[in-house]
Each structure stands twice: as C-alpha cells, then as structure tokens.
Protein chains: 2
Amino acid sequence: MHISADDLVDVLRSEGLRITNPRRLVCTVIAERHSDHLTAAAIFDAVSTRSDGDLDIATVYRTLDVLEQAGAIKHGHIGHGPTVYHLAYEADHQHLVCSSCGSTVSIPTRDLRSFIDVITERTGFVPQVEHFALSGLCADCAKKSTTE
Amino acid sequence: MHISADDLVDVLRSEGLRITNPRRLVCTVIAERHSDHLTAAAIFDAVSTRSDGDLDIATVYRTLDVLEQAGAIKHGHIGHGPTVYHLAYEADHQHLVCSSCGSTVSIPTRDLRSFIDVITERTGFVPQVEHFALSGLCADCAKKSTTE
DNA sequence: CTACGTGCAAATGCTTTGCAAGCCC
DNA sequence: GGGCTTGCAAAGCATTTGCACGTAG
C-alpha cells in the first residue's frame, strides 16, 4: 500500500481545505519519501531544490499541522532532534535511540503488546509507544560499557 | 534516604571541582525539593527568591551539567516541556504523559522489567525507560475518547 | 597566582505568530 | 469577493556559548 501525493491532497480537500501549490509540494515530498522520518527542515529543503518549489518554512509547519489534524500524518520525537513526521499508517513501530552513539533501531509496536497491557492494567493509562522514542544503549554501546 | 545539599556539594568536591556560592545554591534547591521534577528555570526561580540568592540561568545549566557528570543527578524529558532534573537515585520510575490533558502518572521501572527484556532480546538494545516519558491517554481521557 | 567559574549578552535551533498581501473556491 | 493561505519578519522558548572579569584553592 502506497499513498500518493494526490491521496494526501484529497485528504485536505475532503476536510474542506484549500488546495494550494505549497500544500501540494509538501504532500508530494511526503508521498515520495514516505518511508523516511521527515523533519520540517528536510521537507523544506526537498521542496526548495525542486524547480517548481518555493515556499516558506512556516508554511511547511502549517501544512504539517493541517495534515496531522486531518489524520493523514503523525509526528514523533526521536531523541533530542527536531520533530519527525510520517504517514499515519506507518506509525506502527517504536524507536530506540542510543544515548551513546545516537544510532536508532525500530521495534514493531505489536511486539510490545504485553508491555502496553501491563501499563494499562496498573495505571489505566493507554500508551502510544510510537510517539516518543525510547532512550538506551544500542547492542554495541552496551557491550562496550560492560567491557570497560 | 535523604540527600542533603552538603552531600551534593561533597560530590562536587570529590571530583576536584570548586565550591562556589552559585553551586551551593543550586545544590540546596535540589536537596530541598528532591522529590520534584525540577527544571532549570524552576531552580533559577527558587534561588532568585532567596535572600542569599543571585545567579545566572546559564550558571544553573552549567551546574546541572557538572552534577550530572559527577553522577549525582539525572535529567529526563516529560512530554514537550523543558528538561527535568532529579537526584540520580530517584530515577527509578517511568513517566506517562497524557497527550490529551497533559496529566502525568508514574510507574516503577521494575514493573517494566519484562518489557525491557523483550526489547533487549529482539534488538540487543538496553532501554533506559526513565529517560523519556511515554505518551498516551490517561484513564480519564481514554474513557472519554471511547465514549464519544 | 592562575586555572576554573561566573555574569552578561548574544547566538543557537526549532517552532510559532502577527500582519498585510494574495489567491482558492 | 470573502476568507482561507501565504510570505516575511519578528518573537518565543530552552539552551548554549564567547568573553572578560572574578575568585577558590
């Protein structure tokens, strides 16, 4: 299943929002690079290098807001860096960021089912694990820290 | 077990660092409010309202860095707000932030043992769950969202 | 005495906002 | 044409940094 720029534009249209060139450009980049974790700056850069591209970074943020409210995309936070955006249906994994070397790993949300259930049982809280990355040590750095 | 301002100062001393009034003041506030999740701004404010208090916010950040490197305190991230600091030995719980109402709940890290183990098994990654809060819906907001 | 620590102010990085002009429907 | 969108510039917030002065050890 791949989502096209037009699909995203349609989401906006169906919300009664106006279809403008800046919005089309942002949608195009998100669709083209659907597997990436895009930052607002990355989208801005990608658009800026296109021949038909010219828009303001503020507009990128505003468009991302609007797409997120429409349910087409979601944002998450990986470590300390800037906010990352991705298609809503791809928000099915948790990120792990190594606090030592900065590398990231993913784990499918479904593998964390029991964890999520434990939390809900004990606190009533329903976690959205994908939203914030988890910090820790990657395999390599963990090995190093025990060896030293 | 309670840590006093002097204990924190001693940590600095044992690292060969100089004991200055600004550092003493920051240590005092951390010791006095050891159960809070203090932000740099909160520490700055707390010091500023004392009769003997006068320091720069930059110094607060520098002192927090130094205390963290010395192992006396740790920092964490709860939702989008500013970085929070607390005594190292109190970093034994995970925070859950409600993305809807902003309320936070805690759960002891030991209750998440099996979760942590699953992640390590599958990815080699050793999570430090306390570092980043988890996002989700608190019991109340989860109830509301299913009712609506 | 001198390296370390401080205050101050300016810079940083990411994101938001106010406002007047522009363009979609 | 009316109002949603945009660009631009400025502001906001948390945090960091350069630098000259001050002081702990």
Side-chain angles (χ1 to χ4, degrees), chain A residues 6 8-29 37-48 50 52-70 73-85 102 132-133, chain B residues 6 8-27 37-48 50 52-70 73-85 102 132-133:
Chain A
D6 287 343
L8 289 172
V9 168
D10 283 342
V11 171
L12 295 180
R13 208 187 320 269
S14 68
E15 296 281 314
L17 297 161
R18 295 189 183 168
I19 312 307
T20 63
N21 204 48
R23 284 181 175 174
R24 243 188 289 267
L25 289 164
V26 171
C27 289
T28 303
V29 172
H37 290 95
L38 293 163
T39 61
I43 294 172
F44 176 72
D45 290 346
V47 169
S48 300
R50 298 173 68 102
D52 57 346
D54 181 38
L55 84 183
D56 195 87
I57 184 80
T59 302
V60 174
Y61 281 106
R62 288 189 273 230
T63 303
L64 289 169
D65 274 357
V66 149
L67 282 168
E68 184 155 24
Q69 281 176 50
I73 65 173
K74 291 193 176 182
H75 77 271
H77 305 277
I78 299 182
H80 296 75
T83 303
V84 296
Y85 298 84
F132 289 110
Chain B
D6 286 344
L8 289 172
V9 169
D10 283 343
V11 171
L12 295 179
R13 209 188 318 268
S14 69
E15 297 280 313
L17 297 161
R18 296 191 181 165
I19 310 308
T20 63
N21 203 48
R23 286 183 172 171
R24 244 189 287 267
L25 289 164
V26 170
C27 289
H37 290 94
L38 292 164
T39 61
I43 293 171
F44 175 73
D45 290 346
V47 169
S48 300
R50 298 173 67 104
D52 57 347
D54 181 37
L55 84 184
D56 196 86
I57 184 81
T59 301
V60 174
Y61 280 106
R62 289 190 272 230
T63 302
L64 289 169
D65 274 357
V66 149
L67 283 168
E68 184 155 24
Q69 281 176 52
I73 64 172
K74 291 194 174 179
H75 78 270
H77 305 277
I78 299 183
H80 295 74
T83 303
V84 296
Y85 298 85
F132 287 112

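All heavy atoms count here, side chains included; hydrogens, waters and symmetry mates do not. Naming: A, B, ... by sequence-line order, numbering from 1 per chain. Keep in mind it's a predicted model, so treat the numbers as computed, not measured.
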K.L.:
Indicate, with a heavy-atom threshold strictly under 4.0 Å, whether A:Leu55 touches base, sugar-phosphate, or nothing.
P.N.:
sugar-phosphate
K.L.:
At under 4.0 Å between heavy atoms, what does A:Thr39 touch on the DNA or RNA strands: base, sugar-phosphate, or nothing?
P.N.:
nothing
K.L.:
Is it true that A:Asp65 and A:Arg62 have a side-chain N and a carboxylate O under 4.0 angstrom from each other?
P.N.:
no
K.L.:
Quickly work out the A:Leu67 CG to D:dT5 C1' distance and round it to whole Å.
P.N.:
14 Å
K.L.:
In Å, rounded to the nearest 0.5 Å, how long is the span from CG of B:Leu67 to CD of B:Glu15?
P.N.:
10.0 Å
K.L.:
Between D:dT6 atom P and A:Phe44 atom CZ, what is the distance in whole Å?
P.N.:
14 Å
K.L.:
Look at the side-chain N and O atoms of B:Tyr61 and state whether any lies under 4.0 Å from the OP1 or OP2 oxygen of D:dT15.
P.N.:
yes
K.L.:
In this structure, how many angstroms lie between the C1' atom of D:dG12 and the NE2 atom of B:His80, rounded?
P.N.:
16 Å
K.L.:
What is the distance, rounded to the nearest whole Å, between atom OH of B:Tyr85 and atom P of D:dA14?
P.N.:
12 Å
K.L.:
Tell me if a side-chain donor or acceptor on A:Arg23 pairs with a main-chain N or O of A:Arg18 at a distance below 3.5 Å.
P.N.:
yes
K.L.:
With heavy atoms of chain B within less than 4.0 Å as the criterion, where does contact along DNA chain C begin and end?
P.N.:
C:dA3 to C:dC8
K.L.:
How far does OG1 of A:Thr63 sit from CD1 of A:Ile73, to the nearest 0.5 angstrom?
P.N.:
9.0 Å
K.L.:
Please work out whether the ring planes of A:His75 and A:Tyr85 are parallel, tilted or perpendicular, with thresholds of 30° and 60°.
P.N.:
tilted
K.L.:
What's the spacing between B:Ser48 OG and B:Ile57 CD1 if we round to 0.5 Å?
P.N.:
8.0 Å
K.L.:
Give, for atom OG1 of A:Thr28 and atom CD1 of A:Ile43, the distance between the pair rounded to the nearest 0.5 Å.
P.N.:
11.0 Å
K.L.:
Counting primed atoms plus P, OP1 and OP2 as sugar-phosphate and everything else as base, spell out the protein contacts along nucleotides 19-25 of chain D at 4.0 Å heavy-atom distance: B, S or - for each nucleotide, 5' to 3'.
P.N.:
----BBS
K.L.:
With a 4.5 Å heavy-atom cut-off, do A:His77 and A:Thr83 have their side chains touching?
P.N.:
yes
K.L.:
Scan A:Ala41 against the nucleic acid and name what it touches under 4.0 Å (heavy atoms): base, sugar-phosphate only, or nothing.
P.N.:
nothing
K.L.:
How close or far is atom P of D:dG7 from atom CG of A:Asp54, stated in whole angstroms?
P.N.:
7 Å
K.L.:
Would you indicate what A:Asp65 reaches in the nucleic acid, counting non-hydrogen atoms under 4.0 angstrom: base, sugar-phosphate, or nothing?
P.N.:
nothing
K.L.:
Taking atom P of D:dG12 as reference, at what distance in whole Å does atom CD1 of B:Ile57 sit?
P.N.:
17 Å
K.L.:
Starting at CD of B:Glu68 and ending at P of D:dT15, how long is that distance when rounded to a whole Å?
P.N.:
12 Å
K.L.:
Under 4.5 Å between any side-chain heavy atoms of A:Leu55 and A:Val26, yes or no?
P.N.:
yes
